[in-house]
Each structure stands twice: as C-alpha cells, then as structure tokens.
*Asks:* 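Once you've had a glance at the structure underneath, I'll fire off some questions.
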Amino acid sequence: MANLPVLQFEEKILETVEQHPVAVIIGETGSGKSTQLSQILHREGYTKSGIIGVTQPRRVAAVSVARRVAQELDVCLGEEVGYAIRFEDRTSERTCIKYLTDGVLLRESLANPELNKYSVIILDEAHERSLNTDILLGLMKRLVTRRALNLKVLITSATLDGDKVSKFFSNCPVMTIPGKLYPVEIFYSHERPKSYLESSLKTALDIHTREPEGDVLIFMTGQDDIEKLVSKLEDRIRSLEEGSCMDAIILPLHGSLPPEMQVRVFSPPPPNCRRIIVATNIAETSLTVDGVVYVIDSGYVKQRQYNPSTAMYSLDVVQISKVQANQRAGRAGRTRPGKCYRLYPSTVYQDEFLDATVPEIQRSSLAGSVLYLKSLDLPDIDILKFDFLDPPSTESLEDALRQLYLIDAIDENGSITKVGRTMAELPLEPSLSRTLMEANEYGCLSQALTVAAMLSAETTLLPNRSKNTEKKRKHNHMDLPDGSGWGDHIQLLQIFEFWHQTNYSIDWCKDNGLQVRGMKFVKDVRRQLAQIMQKIAEGSLDVQTSGRWVESQQSYLKLRKALCKGYANQLAERMLHHNGYRTLGLKPQVVQVHPASVLKADEEGKLPDYVLYHELIATTRPYLRTVCAVDIKWVMPIIDKINKLNIIKLSGGIDRIQEGTEGNVSDMPKEEVVVAGVPDDSESRIQAARERFLARFHFHIPKTSHSGERSIALLSVWRMAKMMEPAVNVCGWTGVLSQLHADKPPKEVTIEVRNVLSFTLGSSVVFPVQVF
DNA sequence: GAGCACTGC
C-alpha cells in the first residue's frame with residue numbers, strides 16, 4: 001500500500017483540493033485512487049464537516065472498495081467506512097467515508113438536492129460515462145457554485161478527455177497520477193482480417209505454441225462468436241502433437257453465462273497449463289482476470305444504441321474507441337509485462353477509432369432521466385438547455401418529452417404533473433412506474449408490482465440458450481405457465497405467482513430452468529417497490545401476492561388495462577394481412593414480435609390487433625420483445641393523444657418556427673384534403689382499418705384547384721397511407737396521376753397498395769380517394 | 001425457424 005503511486009501525490013492533491021472546488025484526476029489503472037483519495041482527504045480533516053462520498057458505477061466495486069478501505073483503516077465495515085447500494089445500506093451515524101453507486105447518489109439527491117451531508121463528492125470511474133454519472137456531472141456543476149464554500153468535488157477521467165472535463169468545470173485543474181501497470185507491447189496486424197474469428201484463432205494458436213506461459217484473453221463481440229471460437233480452439237488444440245506444448249483450458253466468459261460458470265475464470269490454472277479466455281467486453285472493466293499476459297483485441301464491441309427518430313434501440317457491432325483499446329491492452333500488464341495483439345492496423349486505431357466511447361447519455365432513451373431532472377424542480381434548469389458534458393441531441397430530448405406526455409408524466413406545456421412526481425420516486429423506467437400507479441386505481445397493484453419486478457430482472461432469469469440446453473429446457477418447461485395467450489407480461493406474473501405458491505422453492509426454480517439468483521432478486525425488487533408504493537399512498541395497500549395460483553382472467557384484464565396506460569408510448573398495431581406490427585407514434589416502424597414471445601395467435605393464425613411492448617430492439621431484425629395483448633378500446637384515446645401532441649409547447653418554447661417536416665401528421669393541411677368513400681366492406685378487418693385511417697386523417701382534394709396541386713395533395717394522401725402501412729407499395733400510380741391531370745378529373749380515384757413484405761401473399765388494400 | 005453486449009435505482 002505504501003508504494004501506491006497516488007500517495008506520492010498526497011501533498012499536491014491536498015493543495016489542489018484546498019484551492020479549488022473541483023479537480024479532475026487522471027488516475028491510471030493501479031494508481032490506487034479508488035481506495036486512497038478518500039483516505040487522504042479524511043486524514044486532512046475533510047470528514048469533520050461532512051461525509052466523503054465516493055461513487056462507483058458498479059455494485060461490486062462499491063462493496064469491495066469499501067471493504068478494502070475499512071480494512072486499511074482497521075475499522076468495522078459499516079462503521080466509519082460504509083457503503084450503500086440498492087437493497088443494502090451498510091452505513092451508520094459514524095460513517096464518514098461512504099462508497100455508493102452513482103444511482104444511489106442520484107436517489108439521495110432527489111430527497112436532498114443540495115446533498116448537504118457531503119463535504120466531498122468523488123465521482124470515481126467517471127470516464128466510463130455511465131448515464132447516471134453524466135447526470136451527476138451536470139448536477140455537480142450546478143452544485144459547486146451553490147455550495148462553493150463547503151463542497152469539494154473530484155472527478156476521475158481518462159487521459160484522452162481530461163481537458164474536456166476540466167473545460168466543463170471552468171478550467172479546473174487536472175492532475176495525472178501514473179498507474180502501476182507493467183509495459184504492454186502492442187502489435188498491429190497489417191490489414192484488417194476478413195474474419196476476425198479466424199484471425200483470433202490463428203493468433204491464439206501462435207501464442208500458445210510459441211510464447212512462454214501466461215494466460216490469453218480474447219475480446220470478441222458476443223455469445224455466438226465466443227461459442228464458435230471456443231469450439232474451434234478446442235478442436236485445434238486437441239489435434240496438436242502431444243507434448244509439443246503445454247496444456248490449455250479454453251474458457252468462455254460473457255454475461256449470460258450462469259454465475260457459477262463465470263467464476264471459473266477466478267480459479268488459477270493447474271501447473272503447466274495455459275488458460276485461453278474468450279470474453280465479451282465484460283472482461284474490459286467488470287471482471288478482472290488475473291494471470292493474463294496476452295490480449296487479443298478484435299477491435300469490435302456489441303453496443304446498444306437508441307435512435308430517437310425511430311424510437312428504436314439497436315444492437316450493433318461497432319468499432320471500439322481508443323480508450324477501450326487501451327483498456328483492453330492494459331489487461332495484459334497487470335501481473336507482469338505483457339503483449340497485446342490488435343487485429344487491425346495502427347492507422348485504423350489512429351484515424352478511425354473515436355477518442356472515447358460515445359457516452360451512454362447519447363445512446364439511450366432519456367424518458368427516465370428527463371423525468372428525474374424535471375422532478376428535481378431546480379428553478380434554474382431548463383431541460384433542453386441542461387448543462388451536460390456531452391449534451392444529447394434535441395431530437396432525443398424531444399422524444400423523451402413526447403414519451404412522458406403520452407404517459408401523463410408531464411402536461412401539454414411540459415410541466416411535471418402530480419402523477420409524474422410520484423413516478424419519479426419509483427426506481428423503475430417510466431412505463432412501469434406509470435403502470436403501477438394506474439394498477440393501484442384498478443385494484444391490481446399486487447400483480448403489477450410482480451410484473452414490474454420480474455421485468456427488472458428478466459434477462460438474468462432464463463438460463464443461456466445454447467443449443468444443447470435448449471432441448472432440455474423445452475422438455476422441462478412444459479409446466480411453466482404460458483401467459484394464457486395474453487403475452488409475456490402475464491406469463492411473468494404467472495411464473496412468480498407459481499413460485500410464490502411453492503413457498504419460493506429453490507428446487508422449483510431449478511426444475512424449470514429459472515435462475516435462482518434472478519428470482520430472489522425479483523423478490524427483493526418487489527418488496528422494495530411495495531414499500532415505496534405504501535409510503536407514497538401514506539396508507540396500507542394490498543400488495544400481497546395471492547395465496548393460491550389461479551388463472552384469473554378478471555385480474556389479467558385489469559392488469560392489461562393498467563399496462564396499456566403505462567405503455568402508451570410503446571404500442572403497436574398489427575398489419576392487415578399478416579402478423580407483422582407497426583408501432584404507433586410519430587414515425588411508425590414495421591416490426592415483428594420476437595420469436596421467444598408466448599403471445600398466442602387466434603384460430604385463423606392471427607396475432608392480436610394491438611399489443612404493447614416492453615422493448616423494441618433491432619438485432620437481425622427489429623423485434624418487439626416482451627409483448628402483451630391490449631384492447632382497441634383502450635388504445636383509441638391514446639391515438640388521439642398522439643395526434644394532438646404538440647412538441648413546441650411540450651418543450652416549453654413558443655418562439656420556435658414550426659418546420660414543415662415531411663410526413664408529419666400535424667403539418668398536413670387539414671381543410672384541403674379529405675379521403676372519403678368506403679365501397680368495399682366485405683372484410684371487417686379492412687373495414688376497421690379504413691375507419692381508423694379516416695378517423696385519423698381528414699384529407700380533402702379541392703376540385704377547383706389546379707390539377708398539379710391535386711396531384712400534390714394526392715401524394716400527401718399516399719404518404720399518409722405509407723405511414724399507416726409502411727410495408728406497402730402503390731400500384732398503377734402513373735395511371736392515377738394521369739386521371740387527375742385530365743381536363744375533367746374523375747370524382748373518385750383509387751390508390752391500390754400492395755404489400756411488399758416477402759412473407760405475405762401479395763395481397764392488396766384499396767384506399768379510394770374521393771375528389772370533391 | 002430464429003436468437004441480447006454491459007450496467008444500475
């Protein structure tokens with residue numbers, strides 16, 4: 001401990017902190033900043049006037065660093081040194097150094113915006129730029145001026161953007177503390193490989209046969225590639241000549257691996273044996289594998305990003321940033337000098353890689369964050385002008401406002417509502433907190449709590465779906481409830497109620513392929529949510545899980561209705577002739593229900609007309625994941641609301657000029673264009689669709705106007721039709737145009753649209769347009 | 001017959 005680099009800078013750090021309210025610290029790996037900064041300031045007496053709070057982006061880090069510091073100070077964990085993470089507050093009145101996740105600090109700041117009990121706040125690992133840390137950065141900037149006399153803020157940053165952070169905090173000082181990494185030699189490939197899977201394989205074999213002992217860590221993008229590479233490596237190494245080199249163990253490492261498989265990387269290899277670990281970027285920051293000497297870096301990462309203009313997430317393989325590349329290389333130099341093989345040329349690193357990873361705040365849906373900021377009620381904060389280190393796009397903020405408006409969290413002027421205020425109290429995404437409130441009204445709060453809790457843990461619930469376990473799972477899963485056909489939310493409810501009925505049996509989880517840890521987490525979340533709801537309601541609510549598992553259509557109905565209200569921003573309408581869906585909203589997207597969904601089709605093989613979805617994410621295709629059938633009656637008022645939505649009022653601006661965006665419903669000249677006439681009512685489904693079409697858009701083609709204008713008007717109608725049914729194409733368009741351009745235009749023309757999605761039968765829908 | 005990287009309240 002005595003030789004930790006950070007301690008050599010003690011005096012300089014104290015001097016800087018003394019003179020400045022904010023300072024940036026570039027602390028390289030192994031500098032000891034996480035454990036020592038707090039102790040240095042504690043020794044100097046900064047804990048006399050308040051607590052030193054240190055935020056971490058991850059729970060395990062908060063706990064393990066706190067434990068370490070308690071040890072070093074020789075105190076009991078939870079006394080002078082403590083930590084606070086969700087479900088676990090190990091602090092006491094005596095606590096003066098507190099480690100906490102950034103999310104917990106945000107929650108605290110909701111109750112006490114000035115964070116008065118803290119004399120020092122250290123945002124550790126801020127260079128990872130988690131969504132929460134970025135919001136904290138903005139709040140800190142404001143707080144240091146308001147509490148200039150009694151608050152010190154320290155922010156850690158990466159080498160490459162320390163100056164940017166400093167600039168953000170009015171050119172505050174930047175200190176660099178060297179790390180304690182061993183040198184890592186970097187090798188670049190001459191060109192980018194055609195297949196980085198093959199290239200990784202070859203490089204790994206080269207290392208294994210030629211280099212002295214030391215483990216190999218390979219960074220891949222996802223489970224699929226990892227499994228492929230692992231099996232190829234096993235084959236090739238098995239075929240190596242006996243005794244020609246040491247043994248090898250190949251270990252996969254990724255998030256959907258059950259915990260007991262993940263911890264295998266922490267047990268050291270047997271003698272004369274090399275471990276080859278094939279990992280996702282989980283090994284970049286979250287898990288540290290000891291003994292790694294060689295790193296193979298594919299240069300890619302799978303990243304989730306949100307596109308506010310389509311309201312859709314996508315999961316893309318993208319190039320890593322320089323910061324990430326360096327972090328990966330650093331994994332080779334923890335125990336002794338190492339080597340890093342980059343499967344890309346140095347010019348790619350220099351010219352193509354971004355300096356730092358795009359911060360999460362620019363890659364996420366911001367509904368939750370915007371609601372949080374609105375609920376802080378800071379008089380000097382305007383959401384669209386909130387001071388972010390890297391501001392999200394206006395489009396993204398407006399998208400968040402639209403979403404919040406649809407679920408009644410803000411009113412048409414963009415002010416937070418009473419409902420919104422309550423929603424912000426709940427540690428859930430807005431759709432779910434809105435659902436809980438509505439469920440409370442309908443008397444199905446207990447069920448809604450369960451669904452919300454299940455969704456918070458959903459990804460960790462079901463075991464990994466590799467090919468061989470799949471069959472086993474299918475076989476065993478016969479007795480898991482199926483959502484009674486209503487979809488995945490109801491199934492999640494039923495699973496939990498079933499488990500409750502077994503008295504939370506661990507064996508039952510195992511028999512049904514459910515992760516025990518995940519289910520316990522659900523129970524915790526559910527209890528926490530129930531407590532908060534009780535507090536909000538200031539009275540006793542019925543939050544008990546029903547004693548006996550019974551399929552209750554009545555309560556499912558109420559629950560689905562509550563969900564529909566909560567997910568007003570995430571609804572989709574089925575296409576006329578097939579089971580594809582189109583999202584409702586400003587820019588409808590053609591999507592499909594994820595194959596893993598339990599949503600059931602009717603006797604004719606058709607899925608429900610309307611569904612709500614928990615997530616819309618494009619992987620190989622855009623998929624709705626976790627859906628629930630809803631009734632058209634509940635959807636109609638929401639469609640109305642969507643159509644009336646006015647973003648200019650919502651964002652609180654009145655002086656902005658309305659742009660005539662193409663295809664924007666509210667921009668259509670309503671008096672001029674009317675679609676009328678529904679001659680063919682043979683099929684009720686088409687009839688219903690036409691009615692909706694008519695209900696939503698009133699077009700009117702004026703007979704007196706110039707024929708050119710008529711065709712423009714008709715073009716608008718067509719554009720609308722395209723919006724309603726994006727997977728269609730028009731037929732005989734030129735014929736329609738020439739009819740309109742004739743001296744005596746007909747009173748009625750027909751647009752015939754044909755479905756172009758490959759999996760349909762080429763059926764067509766006719767939208768007649770009457771010319772008055 | 002197709003399939004989600006990693007965190008967190």
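Just so we're on the same page: letters track the sequence lines, and every chain starts at 1. Below, each value reflects all heavy atoms present in this structure, side chains not excepted, and no hydrogens, waters or symmetry copies.
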*Asks:* If you check every side-chain atom of A/Leu315, which of B/dC9, B/dA5, B/dT7 has the closest atom?
*Replies:* B/dA5
*Asks:* Is a salt bridge present between A/Arg192 and A/Glu352, judged by a nitrogen-to-oxygen distance below 4.0 Å?
*Replies:* yes
*Asks:* Between B/dC6, B/dA2, B/dC9, which nucleotide has the shortest distance from any of its atoms to the side chain of A/His254?
*Replies:* B/dC6
*Asks:* Report yes if a side-chain nitrogen or oxygen of A/Ser456 is closer than 4.0 Å to either non-bridging phosphate oxygen (OP1 or OP2) of B/dC9; otherwise report no.
*Replies:* no
*Asks:* So what does A/Ser130 hit on the nucleic acid, given a heavy-atom distance under 4.0 Å: a base, only sugar-phosphate, or nothing?
*Replies:* nothing
*Asks:* Would A/Lys98 and A/Glu108 pass as an ion pair if we require N to O under 4.0 Å?
*Replies:* yes
*Asks:* What is the distance, rounded to the nearest whole Å, between atom CZ of A/Arg363 and atom P of B/dA5?
*Replies:* 15 Å
*Asks:* Atom CZ of A/Arg328 to atom P of B/dA5: distance rounded to whole Å?
*Replies:* 14 Å
*Asks:* Do A/Arg328's NZ or CZ and the ring of A/Phe219 fall within the cation-pi criteria of under 6.0 Å and 45°?
*Replies:* yes
*Asks:* In whole Å, what is the span from the OH atom of A/Tyr372 to the P atom of B/dG8?
*Replies:* 18 Å
*Asks:* Name the closest nucleotide to the A/Lys302 side chain, picking from B/dG1, B/dG8, B/dA5.
*Replies:* B/dA5
*Asks:* Considering only side-chain heavy atoms of A/Pro427, which listed nucleotide, B/dC9, B/dG8, B/dA5, is closest?
*Replies:* B/dC9
*Asks:* If you assign each of A/Pro57 and A/Thr619 to its closest nucleotide in DNA chain B, which residue comes earlier from the 5' end?
*Replies:* A/Thr619
*Asks:* Looking at A/Arg59, I'd like to know whether one of its side-chain N or O atoms comes within less than 4.0 Å of OP1 or OP2 on B/dC9.
*Replies:* yes
*Asks:* Can you identify which nucleotide, out of B/dT7, B/dC9, B/dA2, has its nearest atom closest to the A/Tyr623 side chain?
*Replies:* B/dA2
*Asks:* Which comes earlier along DNA chain B counting from the 5' end, the contact point of A/Thr221 or that of A/Asn132, where each point is its nearest nucleotide?
*Replies:* A/Thr221
*Asks:* Rounded to the nearest Å, what distance is computed from the CD atom of residue A/Glu108 to the C1' atom of nucleotide B/dG8?
*Replies:* 15 Å
*Asks:* Does the pair A/Glu615/A/Arg304 count as a salt bridge with the N-to-O cut at 4.0 Å?
*Replies:* yes
*Asks:* Whole angstrom is fine here: how far is it from CD in A/Glu429 over to P in B/dT7?
*Replies:* 18 Å
*Asks:* Rounded to whole Å, please give me the gap between CG in A/Leu131 and C1' in B/dC6.
*Replies:* 13 Å
*Asks:* Rounded to the nearest Å, what distance is computed from the CG atom of residue A/Leu376 to the C1' atom of nucleotide B/dC9?
*Replies:* 14 Å
*Asks:* Can the ring centroids of A/Tyr196 and A/Tyr300 be said to lie less than 6.0 angstrom from one another?
*Replies:* yes
*Asks:* Taking the side chain of A/Pro595 as its heavy atoms from C-beta onward, which of B/dG8, B/dG1, B/dA5 lies nearest to it?
*Replies:* B/dG1
*Asks:* Charged N to carboxylate O below 4.0 Å: is that the case for A/Glu198 and A/Lys228?
*Replies:* no
*Asks:* Whole angstrom is fine here: how far is it from CG in A/Asp89 over to P in B/dC9?
*Replies:* 12 Å
*Asks:* Base, sugar-phosphate, or nothing for A/Val301, non-hydrogen atoms under 4.0 angstrom?
*Replies:* nothing
*Asks:* Output yes when at least one side-chain N/O atom of A/Gln223 is less than 4.0 Å from OP1 or OP2 of B/dA5, else no.
*Replies:* yes
*Asks:* With a non-hydrogen cut-off below 4.0 angstrom, is A/Arg304 in contact with a base, only sugar-phosphate, or nothing?
*Replies:* base
*Asks:* Between A/Thr101 and B/dC9, is there a contact of a side-chain N or O with OP1 or OP2 at under 4.0 Å?
*Replies:* yes
*Asks:* How is A/Glu425 classified with respect to the nucleic acid when contacts are heavy atoms under 4.0 Å: base, sugar-phosphate, or nothing?
*Replies:* nothing
